[in-house]
Visitor: 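Please read through the structure below; I'll follow up with questions.
Just so we're on the same page: letters track the sequence lines, and every chain starts at 1. Everything quoted here is computed from the prediction, not taken from an experiment.
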Protein chains: 2
Amino acid sequence: MSDVSSFFKMAFSVDCVIFGFDEGKIKILIIKRGEDPFKGFWALPGNLVYLDEDLNLSAKRVLHELTGLQNVPMQQVSTFGTIDRHPLGRVITTAYYALVKPAALHAYASSHVEQIAWLPIDEVEELAFDHNIILESCLSKLRSAIKNRPIGFDLLPKQFTLSALQKLYEAILGTSLDKRNFRKKILSMEILEDKGVTQEGVAHRPAKLFQFDAEKYKAIAEDGFLFQI
Amino acid sequence: MSDVSSFFKMAFSVDCVIFGFDEGKIKILIIKRGEDPFKGFWALPGNLVYLDEDLNLSAKRVLHELTGLQNVPMQQVSTFGTIDRHPLGRVITTAYYALVKPAALHAYASSHVEQIAWLPIDEVEELAFDHNIILESCLSKLRSAIKNRPIGFDLLPKQFTLSALQKLYEAILGTSLDKRNFRKKILSMEILEDKGVTQEGVAHRPAKLFQFDAEKYKAIAEDGFLFQI
DNA sequence: CCAAAAGTGTTATAGCTACACCCATGT
DNA sequence: ACATGGGTGTAGCTATAACACTTTTGG
């Protein structure tokens, strides 16, 4: 391994699965490619990593370039390195996911609608490269993460109803949950703050609005409390 | 992105955390580097990935070259891509872990003892590159995996006592477990086969030997059974 | 007979599942 | 008044945690 120059001929990329929750469905952000390879195909937002760019920061750059979002935690999921996955040469890619709130979601869906779209995960068809496989792995990571960490709130507006939270869990897990048991469990964790506010303008009894209390969660998590749905 | 040639200047590597269980302790395989960079340092077994080599297969190749082991499942854990992690240029690395049985463990520890060693995880000191961080991430992955999947058996001989299994769990999780409750739980899963054999040559009541029944586990896992310690 | 680890059951508690009706609001 | 989703309690069951003594073997 004294001459390693023949090894330094690969490229590296990141691909992002950006999850949103809208109209009761989990959606992902996809872009229509304007250039070869895979011109005209829908693809996950992704980019080559610059030579002098940190890998994890590269994922944040892609998210920022595409959605304008900053300071959104990106979770590294898995790295894909089959030989022929990219037509232009040897490109190994690392997949990340991020969770974005509906507010960010609508702003961008409307302004770049020709190149960017939010697509419900059950309507995704053939994507460029190995992006269908990447999506599956991120989805499966999301499903296990949502059961063990309080990340669902990142997909909802700052204040939300318990029913909205339950629908979110049902959408991600693909199951239906018992309303009373779900509420009991979530409220017993004491990580939600009752803002004393209710919905307005709904054609039924207005629901209380809650807000995730990250401080309180951090405090009890240090004492060994485990979030678990 | 029409001229991408400037991107194809990176190299890629894999690093392997190879776990073994011996003398009641979790150990990892480390090698002493014979060449720069980090000549003379202890390091995780790792290698650059060939241009025409699949990433996951590359991890298997490294394991095979170092231990002679074949057909050992390698679990991809995480990818590390800070800019300056490798002195020779931009090298991004993917970490894998593998679990090997004691039989394989002793054979190689004796024959290459100057370059290769099994070190208890609590005696690991400074390793080359960012390998201490890589080790931590694999260890944390192992700890969560062992609670949710029946992988502990891969660290034990084909036949083992329940006490050995319990000690393994205690070593990985860093806790002590109640003997009666542990046995009840494991046996109630009905994934262990009682071979009707007992230990020999021990200075106390000889224990029954058990064997993991992968077929039985697969069958009940398909019915939704979840392994959980 | 002593040392060492194997093996074994019960009880109390906590958490989970299943389940049905009344309430507040807008139209 | 009706339609819509919000909000609530209990009982049975299951899983978990805590706990101590007898058994079998080798030396």
Visitor: Rounding to a whole Å, what distance do you find between A:E200:CD and D:dT4:P?
Guide: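 Whole-Å distance recorded here is 22 Å.
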Visitor: Would you mind reading off the distance between B:L177 atom CG and C:dG7 atom C1', rounded to a whole angstrom?
Guide: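 To the nearest whole Å, that distance equals 17 Å.
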Visitor: In whole Å, I'd like the distance from the CG atom of B:L209 to the P atom of C:dA6.
Guide: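 In whole Å, C:dA6 P lies 11 Å from B:L209 CG.
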Visitor: With respect to A:N181, which candidate in A:R183, A:K184, A:K185, A:K179 satisfies the side chain to side chain donor-acceptor pair (under 3.5 Å) definition?
Guide: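 The option that passes is A:K184.
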Visitor: Take the protein atom CZ of A:F160 and the nucleotide atom P of D:dG6, then report the distance between them rounded to whole Å.
Guide: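 A:F160 atom CZ is separated from D:dG6 atom P by 14 Å.
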Visitor: Let me know, please, whether B:L187 or A:Q228 comes out on the 5' side of the other along DNA chain C by nearest nucleotide.
Guide: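 In this pair, the answer is B:L187.
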Visitor: For the residue pair A:T94 / A:Q76, report whether a side-chain donor-acceptor contact shorter than 3.5 Å exists.
Guide: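 There is no such pair (donor and acceptor under 3.5 Å, judged by atom type) between the side chains of A:Q76 and A:T94.
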Visitor: Using the six-membered ring wherever Trp is involved, compare the ring planes of B:F153 and B:F227 and label them parallel, tilted or perpendicular (cut-offs 30° and 60°).
Guide: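 B:F153 vs B:F227 ring planes: perpendicular.
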Visitor: Between A:S163 and D:dG5, is there a side-chain N or O to OP1/OP2 distance below 4.0 Å?
Guide: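 No.
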Visitor: Mind calculating the distance between CD1 (B:I229) and P (D:dT16) to the nearest angstrom?
Guide: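 After rounding, the reported distance stands at 10 Å.
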Visitor: Name all residues meeting the side-chain hydrogen bond (donor to acceptor under 3.5 Å, both in side chains) criterion together with A:R85; count only those two or more places apart in sequence or in a different chain, and write none if there are none.
Guide: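 Residues passing side-chain hydrogen bond (donor to acceptor under 3.5 Å, both in side chains) with A:R85: A:D130.
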Visitor: Per the side-chain contact (heavy atoms from CB on, under 4.5 Å) rule, which among B:I146, B:N148, B:I186 passes with B:I229?
Guide: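 Among B:I146, B:N148, B:I186, the one that satisfies the side-chain contact (heavy atoms from CB on, under 4.5 Å) with B:I229 is B:I186.
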Visitor: Expressed as a whole number of angstroms, how long is the span from A:I186:CD1 to D:dG7:C1'?
Guide: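 After rounding, the reported distance stands at 16 Å.
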Visitor: Could you give the CG-to-P distance, from B:L226 to C:dC16, as a whole number of Å?
Guide: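 Answer to the nearest Å: 15 Å.
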Visitor: Calculate the interatomic distance between A:F182 atom CZ and C:dG15 atom P; express it in whole Å.
Guide: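 Value for this atom pair: 18 Å.
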Visitor: Work out which heavy atom in B:A164 is nearest to a heavy atom in B:F21; give both atom names and the distance.
Guide: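 The pair with the smallest heavy-atom distance is O-CE2, 4.2 Å.
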Visitor: For A:K195, give me all partners under side-chain hydrogen bond (donor to acceptor under 3.5 Å, both in side chains), at least two apart in sequence or on another chain.
Guide: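 In terms of side-chain hydrogen bond (donor to acceptor under 3.5 Å, both in side chains), with neighbours along the sequence ignored, A:K195 is linked to no residue.
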Visitor: Mind checking if A:T161 touches a base, just sugar-phosphate, or nothing, with heavy atoms under 4.0 Å?
Guide: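 Counting heavy atoms under 4.0 Å across all strands, no contact is made by A:T161.
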Visitor: One character per nucleotide, please: for nucleotides 17-27 of chain C, 5' to 3', B when the base has a protein heavy atom closer than 4.0 Å, S when only the sugar-phosphate does, - otherwise.
Guide: BBBB--BBBS-
